[in-house]
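Per chain, numbering begins at 1; letters A, B, ... match sequence-line order.
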2 protein chains.
Amino acid sequence: MNASMSGKSASKKIVNPLDDMVGYQLRRASVAMFDDLATALVDLDLRPTAASILLLVGANPGITQSAIGRVLEIERANMAPQAAMLTKRDLVARSASDGRSQGLRLTALGKTIVTKVRARIAVHEQRFIAEFSEAEKAALLRALKSVWQD
Amino acid sequence: MNASMSGKSASKKIVNPLDDMVGYQLRRASVAMFDDLATALVDLDLRPTAASILLLVGANPGITQSAIGRVLEIERANMAPQAAMLTKRDLVARSASDGRSQGLRLTALGKTIVTKVRARIAVHEQRFIAEFSEAEKAALLRALKSVWQD
DNA sequence: TATTGTTATACTCTATAACTATA
DNA sequence: TATAGTTATAGAGTATAACAATA
């Protein structure tokens, strides 16, 4: 122990065995980005989940609630209030699909909001990956997909 | 559109704009690993959070609840029931530190359990990163830390 | 029989506020 | 004044079960 470590006010270095665990680091990184996104969307009165649903409807006009749930892994039971909220706020409209399901589409208002959502997300993502090269970003995305896909 | 795409049973390909978003891919990967870890620990009757506390106490005998909370970003109020549970189960013991705080240490039982926890985590991590080279794993950890640290 | 959408509900995780005791 | 630990509680997010209507 060197001189700067002596005395009662020595900085007690904490050993963190979670430091080199992929699962833990993934969780911390995920929570950090999720919280930042929530903050970035707060004035649009959208949670990250609702924003992701809008993006999916925007890219797939006529998609059903159940299909959205399957893609985003949101239970049907939890999709119902989300779809109801987005419809009530006139961001999404329902069009008859078959007797038991309805296709969802963005309304005009929904389209203007989703454009804002895309811009917020772009800025949000840049806050975290600004110093990554394109190759590094691609490698990261590939690694992340391999963790949860297949 | 080619022949295989014609007809009413054509596979409707869903476009997923979240596919190349780091934040979303992080979340999916994080949830996948978290759920797998929870399953891997279920017969030890430990949740991932409790396991992480045990690892931290094991690596830092005498650490206080508050210090653990600062490292793992767990509120003091949420550390209390965790510490109480681990103490009640005789995995952790409290030793007087100063009048308002107590250092935590693993008991003999706690040491045997934390050894099992480490083994479970090692297998669990391997399930996800078995095909990563050491360089790829290091690059991933570096990228994840840069996302949430500083 | 299986699927869609819905409601109700329970469970977990996390955040905030308030309090006591000690530094 | 600030910190440690505790309790109570509120708010999200998510999971399960049950039901009606339709395929």
I need the [X] [atom1] to [Y] [atom2] distance, nearest 0.5 Å.
X: B:Leu37; Y: A:Met21; atom1: CG; atom2: CE; answer: 9.0 Å
X: A:Leu144; Y: A:Leu26; atom1: CG; atom2: CG; answer: 6.5 Å
X: A:Lys111; Y: A:Arg105; atom1: NZ; atom2: CZ; answer: 9.5 Å
X: A:Phe132; Y: A:Glu125; atom1: CZ; atom2: CD; answer: 10.5 Å

Q. Does the distance from a Lys or Arg side-chain N to an Asp or Glu carboxylate O, for B:Asp20 and A:Lys137, drop under 4.0 Å?
A.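 Result for this pair is no, no salt bridge flagged.
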Interatomic distance, [X] [atom1] vs [N] [atom2] [rounded to whole Å]:
X: B:Ile68; N: D:dT6; atom1: CD1; atom2: P; answer: 11 Å
X: A:Met85; N: C:dG5; atom1: CE; atom2: P; answer: 16 Å
X: A:Met79; N: D:dT16; atom1: CE; atom2: P; answer: 18 Å
X: B:Gln102; N: D:dT3; atom1: CD; atom2: P; answer: 19 Å
X: A:Ile53; N: C:dG5; atom1: CD1; atom2: P; answer: 12 Å

Can you give each donor-acceptor pair under 3.5 Å made by side-chain atoms of residues 42-55 of chain A, sequence neighbours left out, with the distance rounded to 0.1 Å?
from, atom 1, to, atom 2, distance (Å)
A:Asp43, OD1, A:Arg120, NH1, 2.7
A:Asp43, OD2, A:Arg120, NH2, 3.2
A:Ser52, OG, A:Thr49, O, 2.7

**Asked** In terms of the nearest nucleotide of DNA chain C, which residue is placed more toward the 5' end: B:Gln82 or A:Pro81?
**Response**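 It is A:Pro81, whose closest nucleotide lies nearer the 5' terminus.
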Short N/O separations, protein against nucleotides 14-17 of chain C, under 3.5 angstrom:
from, atom 1, to, atom 2, distance (Å)
C:dT14, OP1, A:Arg27, NH2, 3.4
C:dA15, N7, B:Asn78, OD1, 3.4
C:dA15, N7, B:Asn78, ND2, 3.1
C:dA15, N6, B:Asn78, OD1, 3.1

*Looking across every strand, which nucleic acid part, if any, lies under 4.0 Å from A:Thr64 by heavy atom: base, sugar-phosphate, or nothing?*
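Contact class for A:Thr64: sugar-phosphate only.
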B:Arg127: side-chain hydrogen bond (donor to acceptor under 3.5 Å, both in side chains) partners, not counting sequence neighbours |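 For B:Arg127 the side-chain hydrogen bond (donor to acceptor under 3.5 Å, both in side chains) partners, ignoring immediate neighbours, are B:Asp36.
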- prompt: Can you list every pair that meets ring-ring contact (aromatic ring centres under 6.0 Å, His included) and has a residue in residues 94-127 of chain A, with sequence neighbours left out?
  reply: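 Residue pairs passing ring-ring contact (aromatic ring centres under 6.0 Å, His included), neighbours aside: A:His124-A:Phe128.
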Worksheet entry | Under 4.0 angstrom between A:Arg94 side-chain N/O and C:dT6 OP1 or OP2 |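 Yes, such a contact exists.
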(Q) Check the phosphate of C:dG5 against A:Ser66, side-chain N and O only, distance under 4.0 Å to OP1 or OP2. Yes or no? (A)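 The answer is yes; a side-chain N or O of A:Ser66 sits under 4.0 Å from OP1 or OP2.
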With side chain to side chain donor-acceptor pair (under 3.5 Å) as the rule and sequence neighbours excluded, what pairs involving residues 79-93 of chain A come up?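 Found none.
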*Closest nucleotide among C:dG5, C:dC13, D:dT7 to the A:Gln65 side chain*: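 Among the listed nucleotides, the one closest to the side chain of A:Gln65 is C:dG5.
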Can you name the atoms? Protein N/O to nucleotides 19-23 of chain D N/O, anything below 3.5 Å, with the distance.
from, atom 1, to, atom 2, distance (Å)
D:dA23, OP1, A:Gly99, N, 2.8

